[in-house]
Amino acid sequence: MIFRLMDGFQTHHRTNVEKMFKSKNGKVAINDLENAEILKDHFTSLFNSQTRVDFSVVDEIPNHISQQVLGKVPSKTEIKKAISKMASNKAPGKSGLTTDMIKCLPPRAMNLYVEFIQEFWKRDDIDFYSWHVTVLNLLYKGKGDPRDPNDHR
């Protein structure tokens, strides 16, 4: 029952998008291997385009100091206020939880969630490097051919 509820929060606003992509010459992939080859070719040409770059400009960009400690533990009120301000109808993260799901937690579950955040905040063994790693997903823009990699973000 709970999984059906979660599916409703995650999929009610999605449209079904074609999963097999089309190559530059118009051939549609018929299996995962061909699909991967099409995407590999697409991203290879996208990210390896030859562009003139003046690397001396990079030296002029001021460094941003990364914070290695989280500071004072936020109060329950501060955390709940931050949760209530989170944007709705956004894609879930790696956990599969959407902001809508978090906002709709029953009071007892919300308190556990807040306590979990506070306990995490107190830890001194946090691997901040892992916060800079992400999982990329292709998102259909909602216009054009859903089989064309150029019509995805």
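In what follows, residues are counted from 1 in the order of the sequence shown.
- Looking at T98 and K90, their side chains never bring a donor and an acceptor atom within 3.5 Å of each other.
- Atom CD1 of I38 sits about 7.0 Å away from atom NZ of K27, to the nearest 0.5 Å.
- Between W121 and G71, the shortest heavy-atom contact is NE1-O, 3.3 Å.
- Looking at heavy atoms from C-beta onward, S88 lies in side-chain contact with K103 at the 4.5 angstrom threshold.
- The number of heavy atoms from other shown groups lying within 6.0 Å of CZ (F116) does not exceed 12.
- Separating the CZ atom in F120 from the CZ atom in R123 is a distance of 6.5 Å, to the nearest 0.5 Å.
- Ionic pairing of E78 and K81 is not present here: no N-O contact between side-chain nitrogen and carboxylate oxygen is shorter than 4.0 angstrom.
- K22 and D145 are joined by a salt bridge, as a carboxylate oxygen and a charged side-chain nitrogen come within less than 4.0 angstrom of each other.
- Here the CG-NZ distance, from L33 to K40, works out to 10.0 Å after rounding to the nearest 0.5 Å.
- Residue L46 is grouped with residue L39 when hydrophobic side chains (ILVMFWY) are merged at heavy-atom distances under 4.5 angstrom, including chains of intermediate members.
- Between L138 and R153 there is no side-chain heavy-atom pair separated by less than 4.5 Å.
- Between the side chain of E34 and the backbone N or O of I30, at least one donor-acceptor pair lies under 3.5 Å.
- Taking the six-membered ring where tryptophan is involved, the planes of F21 and H152 are perpendicular, since the angle between them exceeds 60° and thus also 30°.
- Rounding to the nearest 0.5 Å gives a distance of 8.0 Å between OH of Y113 and CG of L105.
- If you check the side chains of N111 and K80, you find a donor sitting under 3.5 Å from an acceptor.
- Of the possible polar contacts, one joining the D100 side chain to the N89 backbone as a donor-acceptor pair under 3.5 Å is found.
- Put simply, CD1 on I79 and CD1 on I117 are 5.0 Å apart, with the number rounded to the nearest 0.5 Å.
- Here NZ of K24 is found 8.5 Å from NE2 of H42. Values are rounded to the nearest 0.5 Å.
- K19 approaches N35 most closely through the heavy-atom pair O-ND2, 2.9 Å.
- Side-chain N or O atoms of Q118 include none that pairs as donor or acceptor with a backbone N or O of V73 at under 3.5 Å.
- Connection of M86 to M110 is established within a shared hydrophobic cluster, with ILVMFWY side chains joined at heavy-atom distances below 4.5 Å, either directly or through further cluster members.
- In summary, the side chains of S23 and N25 do present a donor paired with an acceptor at a separation below 3.5 Å, with no hydrogens or angles considered.
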